[in-house]
Structure formats: C-alpha cells, structure tokens
Amino acid sequence: MAVLETIKGPGDIRRLPKDQLATLADEVRQRLIDVVSSTGGHIGAGLGVVELTVALLRAFESPRDKILWDVGHQGYPWKVLTGRNDRFPTLRQAGGLNGFLRRSESEHDIFGAGHAGTAVSAALGVATARDLKKQDYSVVAVLGDGALTCGMSYEGLNNAGHSDRDIIIVLNDNGMSIAPNVGAINKYLGSVIASPFTNRVREKVKGVIELSSKYLGHGVVEFSRKLEESAKNLWSPGMLFEELGFRYFGPIDGHDVDAMVQTFEMVKTLKGPRLVHVITQKGKGFPMPEPDLEKYHARQPYDPVTGKLKSATSGLPAWTKVFGDAITQLADEYPDLVAITAAMPSGTGTNIFQKKWPERFFDVGIAEGHAVTFAAGLATQGIRPICAIYSTFLQRGYDSIIHDCAIQGLPVVFCMDRAGFVGDDGQTHMGLYDIPYMLAVPNMTVTAPRDGAELIGLLRCAMGHTGGPFSLRYPRDKAPAEPPVAAEVPPVKYGTWEMLRSGRQCAILGVGVMCGPAVAAADALKSDGLDVSVVNARFLKPVDRAMLEALVQNHTLLVTVEDGCVVNGFGAYLAELVQTIAPDVRVIALGAPDKTYEHAPRPQQLADVGLTAEGIAARIRALHAEEAAVS
Ligand SMILES: Cc1ncc(C[n+]2csc(CCOP(=O)(O)OP(=O)(O)O)c2C)c(N)n1
C-alpha cells in the first residue's frame, strides 16, 4: 500500500505522478477487499468505481467542486481517498464510519444518501445555489444505471437538461442494480453498447473518414464526419440524453483511469448540462466463489483470499426467508396471488417466489411509487398483489398507498421487511416510521406477526380480506422459531388479538416481535409480586375492540411496546381510543423516541431505547412505583 499510504486527501491525488494513478487504484481495491472482509458491507458497488473515484478526485477539486454520489453505497473508495482511510476499519461498526455517505462525516460528502435516485435533483439544487450566489465551481452527480429505473432521476434529468445550468452527470453503467437491472432503459443501454452491428457500423464509418481524409477533398471529409455523427446518434445511448438536453460523452471504459481523467478534464471546461457515460464492472477484482452476481452487492464478513463467507448461515431462518417460502407455498392455493418487488428480489425473499412462479413475479426496478400503483391497477382486475418492499423504501410509495389503494379500497397487501431497527445500515434505512404512516391511512389494515406461523396466518387473512389494503411488518432479524408449512396454518381471524398471559392492573400490549420481550418482562415482574397481562396486539388497526374493553375493566395501566417510532405510533393510536372508552386508564407507549439512530447491531439499538425484557420490566416497575407513591 505504498502509494495509498501517501494519500491523506484529494490534494495528494492531484499531486501524484500520472503513472501512479493506476497503482493507487489497485491498492484501494485491495484495501476495500481486506477491510470489508471483516466488517461486511456493500463491497460490489465500491469495487466497481475505484478507478472512477480516483479519476474524479484527480480531475476535480473536492470539496471546492461538489461531487454527489447517488445512494452512497459505492462510497467506500471515496471514504478511503478523502481522509478516512485510517478509520476505514470502523466501517458500519457502532461509533465508526457510516456505510453510506453523510454530510456530518466529511466535508467531501456534499449530500448524504442511502435511498436511490436523489443525486440529480440534489446536484441541480447545488448548481442552482452556486449560480444564485454567483460562485464558480463544478457540480458532478454520479449515479448508477439502477438509479435510472427511479422516477426521481428522470424528474431531475428533465429539469436539469433544459435548465442550461453547468452540471455534469456521470452515469456509472454496470448493468446491475442489486440484481441484474431491469426495464427498457437497461435494454437500451445494454444493447447499444454490446451490439456488434453498432460497433461494425462505427468502425466502417471511421474507416471511411480515414480514407477520405487521405484521398478526397474537404467536402467529402465533412460529409463523412457527419455520417459518423449520425451513426453515433442513431445507435448511441447518447441520443436519449441528448434529447433530454445533455451533451453526451462516452461510453468510456470506467476502469481506465487515464481515459476518464482526460475526459473529465475536457468536459469540465465546457458549459451547460453534460453527461459522461462510463462502463464498469460491479465487484471488479473480488474473488467471488459463487456465480450469483447479486452476492457481490453486499456481503457478510468473508475470507479475503477466497471470498468465501466466514460463517455459514445456520440456525433459525431470517424473516425474509420465512416470508419468501410462505408466499411461494400460498401461491399454490391462491391462483390470483402475484408478488411485486422494487429491485429487491433477494432482499425481500421474493426471489424464492420468482423461481417457482416466474410469470407471477414482477421486479419493477427502484420504483416504489410505481410498484404500489401498478399493484393497485392489478387489484382493480381481481389480481391479488403482494407488494414486498422494505419499510424504509415504502416511504417513497406513500402517496400511491393513499391515493391509489386506500381511497379506492383496493386489496393490495404490503409486506414490509426491515421494519423497526435495522442495525448496521444505519439512519437512512431505519424502518421506524411505517406504524405511524400506515395507521394514518384510511381503510388500511395494519398488522404485525409475532412469529413465522403468525406471518402465514396473517397472509391468509390478508388474502381473504377484500375490503381495502392490508399491511404486515417484520424486522431485519431471524424469526423466533422455525415456521410450519403454510398448508398447516389457519388464517388469523381478522381484527383479533391474542391473550398470552392473564394478569391484573397492568397489561403489556406487544406489537409483533415485541411480544417475546413482553412475555419475558412479565415473567421477570412476577418475582416483584406484579401480575402482568400480556397481549399480542397483532392487529394495530382495527384493534380487537372486545378484548380492549375487557382489558380496561380490570387494568389501570396499558403499556404498548413497539419496535418503531413512538410519535403517532400504536401507543398514541390506542391512547386516543382508550380516552373515549375508559378515561381513567393510563396508556404508556414504549418505542423509539423521536430522533435519528446511528448504525449499531440491532440488539444494541433495541437495548438503547429499552425495547428488551429488562428495559420493559424496569419501566413497568418504575410506573408502579409512581402509582404507589400517588395513591
Ligand atoms: C429508494 C430505494 N430503493 C431501493 C434501494 C436499495 N438499493 C440499494 S443500491 C441499489 C441498486 C443501485 O443500483 P445502481 O444505481 O445501478 O448502483 P450499483 O449498485 O450498480 O453501483 C438498490 C436497489 C435503495 N437504496 N433506495
């Protein structure tokens, strides 16, 4: 790492002899492979942009020039080269570097992200601010071809392309989203680059120009040049971007540092909206033991030489797998059931469904709003769509949930993986807001299973419910038990809770996986002489009115426990109801207080806010002590 050791920031890269840039890139690549082998993380995207990062930092002057990365998951080389190499081994660890880029971490991180599709809009904002303030610097947005499946990217391109602002878009085209990219734009970029016909035509035209410049006059040379230009326009991906108002450069080899530096040096001297198209290979240089390209994207700790995962996954299945298996089995019984993912087949477990039911599976790209409205369209015709989208990414689809599903009473089922604290992905990926946002939607049924069997039972219930949308949430975790096969699980009765422990005075209402610690807390409180009820509040909306009315007869305190934001959460919703039927009963809501949360292991995040058996028990002891003091 002789060259990398001399790099303390972008200035050192600009001072480096040109012939050492490729060596620097090689060393950065090795550093990524070494460090991520013990931290785990998004290795594939970073390895694909090592040379691109070096070239950008060579040709532009960060942070004076503003370089914005879409998503930020490909930002590991950027961190290593912008003064964070020493701290790089703390990546995704509690108190260490974040897995994405964020403004608070470095002056070089101009715009934080985690969700895809924001780079063009944010860069246009920065460029517009520069012009309003009459300043002078370059603004560069780097986005992947996957981000071109996001509507937001086009909204930004449409706005930027005709703005005449000085803005440079770098399209990092590797043909991959997390899974192989999908849709028309992918076909368009891929076929033009790969087409032997296009290349042959270009070569022929080039030959004609060379010949004509030797033997023929100026007019013919000009004509030939025009011919080349038309050939380029006819068959080049540039045509699309040129029509959108960008001057197009490329495609260029995204692993050739010199070629990219040269292109950026030239492009930055021009004016107006420009787009540089670079072709890269995701995961370049990774010693990949599996043929599955998707496994490059993010990886648990691995052996840096063989790439093999350090710990083979064993033990209880993840919720994601329980869900994937469940819908795959249920599809046998429900011929109208289809599954939709927004670019996350393996993340949501719908890849399991895809294998068995390819014609009933739809990957719509990174397009959550579209996914929801597409599902609503399907539902109008009697199809039963299951939209499997992470809690955090479904935030993008909120208008479609209300406007297209709820108002029209359409039975779309939302299965939200990664609900609650998400561990080392950190603040941009937290699934803490779905309970408040789903509870606020009219006609929405809001549920949370406490284990895999209940997930299956609730899915059956959802398939039998035609009166409007239906949501389920489960965390980024292992399920508490091995689930039975779907055929053995009856539907959960709509709108019902389950009494897990029957006590007096205080009742804990657990939401989903919080039932486990709630029961353990009740057990612990027995030794304090407290006889506490525990209810599995699997329907957050509608609540089990009969059980609630029975509870308020012999309990003076209801404690709700939810792995989600406490503001406008289940506790708040219940408190409002209880106020109308039993104003003397107190409702105390335990959950995540109103703030952002840093990356750390999920158990630590839960413990920090008291969402453990000990935390719940301690809170109830304190509440009882308070009550005793008052009475
Ligand atoms: C709104 C949103 N949906 C889904 C994701 C999950 N996700 C993270 S990276 C990624 C693929 C991005 O593909 P691309 O932009 O081509 O970048 P690459 O990984 O290929 O470098 C996806 C789908 C996300 N970050 N944001």
Side-chain angles (χ1 to χ4, degrees), residues 32 41-53 68-78 98-101 112-122 141-156 169-183 185-186 189-190 254-255 277-284 286 293-299 320 340-348 350-351 363-372 387-398 400 416-418 422 425-431 476:
L32 258 52
H42 290 95
I43 183 68
L47 289 177
V49 297
V50 169
E51 288 82 5
L52 174 59
T53 308
L68 291 79
W69 294 84
D70 201 69
V71 191
H73 68 313
Q74 73 291 67
Y76 298 177
W78 182 259
N98 189 264
F100 300 88
L101 300 177
H115 288 199
T118 61
V120 181
S121 305
V142 189
L143 64 149
D145 55 304
L148 285 186
T149 63
C150 286
M152 226 181 134
S153 294
Y154 291 95
E155 293 168 28
I169 308 293
V170 176
L171 171 59
N172 167 37
D173 182 1
N174 57 23
M176 294 288 288
S177 191
I178 287 180
N181 204 5
V182 297
I185 186 74
N186 178 52
L189 295 174
H255 298 297
H277 184 184
V278 302
I279 309 296
T280 62
Q281 186 197 337
K282 195 162 178 170
K284 187 174 168 64
F286 190 79
L293 286 178
E294 219 176 316
K295 300 235 163 80
Y296 281 121
H297 182 78
R299 208 159 169 83
T320 307
I340 299 168
T341 177
M344 310 290 293
S346 60
T348 56
T350 49
N351 59 337
D363 180 351
V364 301
I366 311 174
E368 291 79 8
H370 160 64
V372 176
C387 250
I389 299 180
Y390 288 7
S391 163
T392 187
F393 300 144
L394 193 54
Q395 291 164 191
R396 281 272 171 90
Y398 197 51
S400 300
M416 295 176 287
D417 202 322
R418 284 16 175 216
V422 293
D425 272 345
Q427 51 181 214
T428 54
H429 283 57
M430 288 293 169
R476 182 189 192 208

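Counting starts at 1 for both ligands and their atoms, in listed order.
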TODO: State which residues pass side chain to side chain contact (heavy atoms under 4.5 Å, CB included) with Ala122; sequence neighbours excluded, sorted by chain then number.
DONE: Leu68, Phe111
Open item on the list: Testing Phe100, Trp78, Tyr76 one by one against Trp69 for a ring pair (Phe, Tyr, Trp, His ring centres under 6.0 Å), which residue passes?
Closed with: Trp78
Open item on the list: Taking Thr428's backbone N and O only, do any of them form a donor-acceptor pair with Thr392's side chain (distance below 3.5 Å, no angle check)?
Closed with: yes
Task: Test item: Arg418 side-chain N/O and Gly347 main-chain N/O as donor-acceptor pair under 3.5 Å - done: yes
TODO: Could you tell me the separation between the CD1 atom of Ile340 and the OG1 atom of Thr350, rounded to the nearest 0.5 Å?
DONE: 10.5 Å
- [ ] Evaluate the criterion side-chain hydrogen bond (donor to acceptor under 3.5 Å, both in side chains) for residue pair Asp417 and Thr320; output intermediate values, then yes/no.
- [x] CA-CA 7 Å; Asp417 202 322; Thr320 307; 2.7 Å; yes
Open item on the list: What does the 4.0 Å heavy-atom contact list look like for ligand 1?
Closed with: Ala45, Val71, His73, Gly114, His115, Ala116, Gly144, Asp145, Gly146, Ala147, Asn172, Asn174, Met176, Ser177, Ile178, Lys282, His297, Ala343, Met344, Ile366, Glu368, Phe393, Arg396
